[in-house]
Amino acid sequence: MKKTKANKLSKTKYILFLLKPYWKYGKEYIITVLLMSVVLQPIAAYLTAILPQKAIDAVMNDTPLKEVVFIIITFTLFIVLVSALEKVIQMAYTQMTLVKVSNKIKNDVNKKALFTDFKYYDSPDFFVKFIFAQDNYPIHAQNVVMILPDVLRGVATVIAMVVIIATTGPILLGITAFFVILNAIAGLPIIKPTADYEVSLADAWRPMEYSSRVLKIKENAAELRASGAGLKLLNSINSAMNNFQKTYKQYIKKVAPFHLLQGAVSPIQAACILAYIIFFVIAGDKSQIGLYASLTVASTALASSLNDAAGSIIQMIQCIANGEKIAEFFEAESEIEPNNDKALSVPEGNYEIEFKNVSFGYDDNSMLFKDFNLHIKPGQRIAIVGENGAGKTTLTKLLLRLYDVNNGEVLVNGKNIKDYDIHQLRLNTGVVFQDIRVLAMSLRDNLTVYNDVSDEKLYEVLDKLGLSEVLKKANGNLDTMVSREFTEDGISLSGGEAQKLMLARLFTDTFGMLILDEPSSALDPLSEVKLMQNILDISNTATTVMIAHRLSTVRDFDCIYHIENGKIIESGTHNELMANKGKYYEMFVKQGENYKN
């Protein structure tokens, strides 16, 4: 029992977790709202409750009309002032702060995702947590910020109303407390099903969000129409919607009776309070009608405040449950991506690379590489070839330290890659991935992801890579969007143009190492020949590792390594490997025959 209580208390930390961004990015707003909730609004509620008594008593005691009017105006002015101040804060301050902080929270989630170790992206569970945090962190942080003042205002208002009622209508306190407790008890069974339902929505919506996203991508439009893929996608949306409806029906069955009970409590409570005042108070002393009017207002305000506070506490408990789910995303521990103040600065010049007794596997029970060794001299151009699944692309991920090896070392200039500032090391490594991902940014921003250079340099690079037609599409404007994601004025690129654009980035800076993973896979043979000449030109400036399936593209490399099942089965220059007539020879001849055919 003690352990359970301690566990429940420990979960209140998720309230602070949800409040943290608002305290960090909107501290002044929090302080202002709390002062309003704890001081001004309870005072206004107190004056609202006693105003009827003061005004009616003044009339009953034949007080001059001017004084009665003065009492009413004085009380009303303060109440109106507080209400107006609340509206001003709401309109001019609250909305602006909520939008600002919500955007900051989304940025924090995205930043956490960007600087979370790449290995987590292999887990579907991570994506569920990521999407849930992205969608719900701003919402539930805002809920807590709105609920907490409500709780404090409710408590302060309850105290003010109790002061009014306790001396003259103590039985009203008992009546009010009974119904508030009843309302709270009716709400308790709703908490967990509601929290579970909100979490389950993330899974229910994922297929629909994915389908909607796929339908919005122009590159998918042809395939969706040319095959049955589009209809299957629509069927998956219908299936997901059916699952959502099923989940919602189950949720409603669990909570509907308790919502109905809560709905019945308030009118019954109001009737009981009115009956008490009429039969037990007014009947006894009609001269105290002003007091009784105030008692009516105070008891109603007390009941409302207690119910609101109870409801807010229930909502807070729901926020704790959701906060715990969101915190799980932020609790993902990373070893690679966090900044290391003791890290070595990146070396200058061409890198010397060595895989030394490296063992690595995506699954600890299945090693892709075992005691793998490979040495690349500074400035050397090497190619890695082999069949799909041999481990070629995995080596590039280890070179970028997207993963850490299980055993052994990856050395850069004789030092473990773990000793370097990995972010600076990556910026000093030019990369072209096999999967082309042109970002929805301007042409300029797409070209300068490594280094900002002059417009003249960018025009020169575009011309060198044969991208003059892309520049024409953009009317010579480097600030044209390379996408129509946000504007109709954006430009669309073919697969070959996109691949050339990725390679063009490498001509905007100097690098210690280049990693090229099938950099010409989207090009026709003639364009590929021209592009390979550019690759050979730039590879003269840096240590170069190229992954290739088309063996004709690596004939001029200093050394070619043929990998199979995580092992180097042969290596040498193109001519040496052809002379050996091993598997490389067989693959090269076969590819040549395919071209002839």
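Below, all heavy atoms of this structure are taken into account, side chains as well, without hydrogens, waters or symmetry copies.
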How long is the straight-line distance from [atom2] of [Y] back to [atom1] of [X], given to the nearest 0.5 Å?
{"X": "Leu399", "Y": "Thr429", "atom1": "CG", "atom2": "OG1", "result": "8.0 Å"}
{"X": "Met316", "Y": "Ile320", "atom1": "CE", "atom2": "CD1", "result": "7.5 Å"}
{"X": "Met441", "Y": "Asn446", "atom1": "CE", "atom2": "CG", "result": "4.5 Å"}
{"X": "His140", "Y": "Asp135", "atom1": "NE2", "atom2": "CG", "result": "10.0 Å"}
{"X": "Glu354", "Y": "Ile376", "atom1": "CD", "atom2": "CD1", "result": "10.0 Å"}
{"X": "Asn322", "Y": "Ile317", "atom1": "CG", "atom2": "CD1", "result": "12.5 Å"}

Is the backbone of [Y] close enough, under 3.5 Å, to the side chain of [X] for a donor and an acceptor to pair up by distance?
{"X": "Asn428", "Y": "Gln424", "result": "no"}
{"X": "Asn107", "Y": "Asn103", "result": "no"}
{"X": "Thr543", "Y": "Tyr351", "result": "yes"}
{"X": "Ser359", "Y": "Asp371", "result": "yes"}
{"X": "Thr544", "Y": "Ala542", "result": "yes"}
{"X": "Tyr420", "Y": "Val412", "result": "yes"}

Query raised in the report: Which residue pairs pass the side chain to side chain donor-acceptor pair (under 3.5 Å) test with at least one member in residues 392-401, sequence neighbours excluded?
Result: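 Of all non-adjacent pairs touching residues 392-401, those that pass side chain to side chain donor-acceptor pair (under 3.5 Å) are Tyr362-Thr394, Thr393-Asp517, Arg401-Asp404.
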Report task. Give me the one residue out of Phe355, Phe372, Tyr403 that meets ring-ring contact (aromatic ring centres under 6.0 Å, His included) with Phe360. Result ->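 Checked Phe355, Phe372, Tyr403 against Phe360; only one passes ring-ring contact (aromatic ring centres under 6.0 Å, His included): Tyr403.
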Query - Residues forming a ring pair (Phe, Tyr, Trp, His ring centres under 6.0 Å) with Tyr121, sequence neighbours excluded - result: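 If we apply the ring pair (Phe, Tyr, Trp, His ring centres under 6.0 Å) test to Tyr121, skipping adjacent residues, the hits are Phe126, Phe127.
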Query - His259: ring pair (Phe, Tyr, Trp, His ring centres under 6.0 Å) partners, not counting sequence neighbours - result: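 Partners of His259 under the ring pair (Phe, Tyr, Trp, His ring centres under 6.0 Å) test: none.
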Query raised in the report: Do Leu506 and Leu516 pass the side-chain contact (heavy atoms from CB on, under 4.5 Å) test, and can you show the C-alpha distance, the side-chain angles, and the key distance before you say yes or no?
Result: CA-CA 10 Å; Leu506 306 187; Leu516 311 171; 3.6 Å; yes
Query - Working for side-chain contact (heavy atoms from CB on, under 4.5 Å), residues Glu497 and Lys473 - result: CA-CA 12 Å; Glu497 288 172 335; Lys473 289 183 188 178; 3.0 Å; yes
Heavy-atom distance under 4.5 Å between the side chains of [X] and [Y], does that happen here?
{"X": "Val470", "Y": "Leu501", "result": "no"}
{"X": "Asn357", "Y": "Asn407", "result": "no"}
{"X": "Val482", "Y": "Leu439", "result": "no"}
{"X": "Val545", "Y": "Ile353", "result": "no"}
{"X": "Asn340", "Y": "Asp421", "result": "no"}
{"X": "Gln142", "Y": "Met146", "result": "yes"}
{"X": "His423", "Y": "Phe115", "result": "yes"}

For residues 18-27, run the donor-acceptor check on the side chains, cut-off 3.5 Å, and write out each pair with its distance to 0.1 Å, sequence neighbours left out.
| unit_1 | atom_1 | unit_2 | atom_2 | d |
| --- | --- | --- | --- | --- |
| Tyr25 | OH | Asp108 | OD1 | 3.1 |
| Tyr25 | OH | Asp108 | OD2 | 3.0 |

Query raised in the report: Do the ring planes of Tyr248 and Tyr251 sit parallel (below 30°), tilted (30 to 60°) or perpendicular (above 60°)?
Result: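 Taking Tyr251 first and then Tyr248, their aromatic rings sit tilted (interplane angle of 30° to 60°).
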Which heavy atom in [X] sits nearest to a heavy atom in [Y], and how many Å separate them?
{"X": "Gly389", "Y": "Leu368", "answer": "O-CD1, 4.2 Å"}
{"X": "Glu564", "Y": "Ala390", "answer": "CA-CB, 4.3 Å"}
{"X": "Phe369", "Y": "Gly566", "answer": "CD2-O, 3.1 Å"}
{"X": "Leu447", "Y": "Ala504", "answer": "CD2-CB, 3.6 Å"}

**Report entry** Centroid-centroid under 6.0 Å between Tyr450 and Phe511 rings
**Finding:**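 Yes, close enough.
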Output a table of donor-acceptor pairs, distance under 3.5 Å, between side-chain atoms of residues 327-339 and any protein atom two or more places apart or on a different chain; print 'none' if there are none.
| unit_1 | atom_1 | unit_2 | atom_2 | d |
| --- | --- | --- | --- | --- |
| Ser334 | OG | Asp117 | N | 3.0 |
| Glu337 | OE1 | Arg426 | NH1 | 3.0 |
| Glu337 | OE2 | Arg426 | NH1 | 3.1 |
| Glu337 | OE2 | Arg426 | NH2 | 2.9 |

Query - Criterion side chain to side chain contact (heavy atoms under 4.5 Å, CB included) against Ile326, the qualifying member of Asn136, Ile139, Ile105 - result: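 The side chain to side chain contact (heavy atoms under 4.5 Å, CB included) with Ile326 is passed solely by Asn136 among Asn136, Ile139, Ile105.
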Query raised in the report: Applying the side chain to side chain contact (heavy atoms under 4.5 Å, CB included) test to Val358, which of Leu374, Val410, Asn406 qualifies?
Result: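 Of Leu374, Val410, Asn406, side chain to side chain contact (heavy atoms under 4.5 Å, CB included) with Val358 is met by Val410 alone.
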**Report entry** Lys356 atom NZ: more than 12 heavy-atom contacts under 6.0 Å
**Finding:**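 No - once you tally the heavy atoms of other residues, nucleotides and ligands closer than 6.0 Å, there are 12 at most.
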Query raised in the report: Within a radius of less than 6.0 Å around CG of Asn416, do more than 12 heavy atoms belonging to other residues, nucleotides or ligands occur?
Result: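 Check passes, neighbour count above 12.
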Report task. Output, in order, the C-alpha distance, side-chain angles, deciding distance and verdict of side-chain contact (heavy atoms from CB on, under 4.5 Å) for Phe433 and Met502. Result -> CA-CA 8 Å; Phe433 289 110; Met502 297 300 98; over 6 Å; no
**Report entry** Partners meeting side-chain hydrogen bond (donor to acceptor under 3.5 Å, both in side chains) with Glu387 (sequence neighbours left out)
**Finding:**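 By the side-chain hydrogen bond (donor to acceptor under 3.5 Å, both in side chains) rule, Glu387 matches no residue at all.
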Query raised in the report: Given the rule in the side-chain contact (heavy atoms from CB on, under 4.5 Å) test, do Leu400 and Val431 qualify, once you have shown the distances and angles that lead to the verdict?
Result: CA-CA 9 Å; Leu400 291 167; Val431 184; 3.8 Å; yes
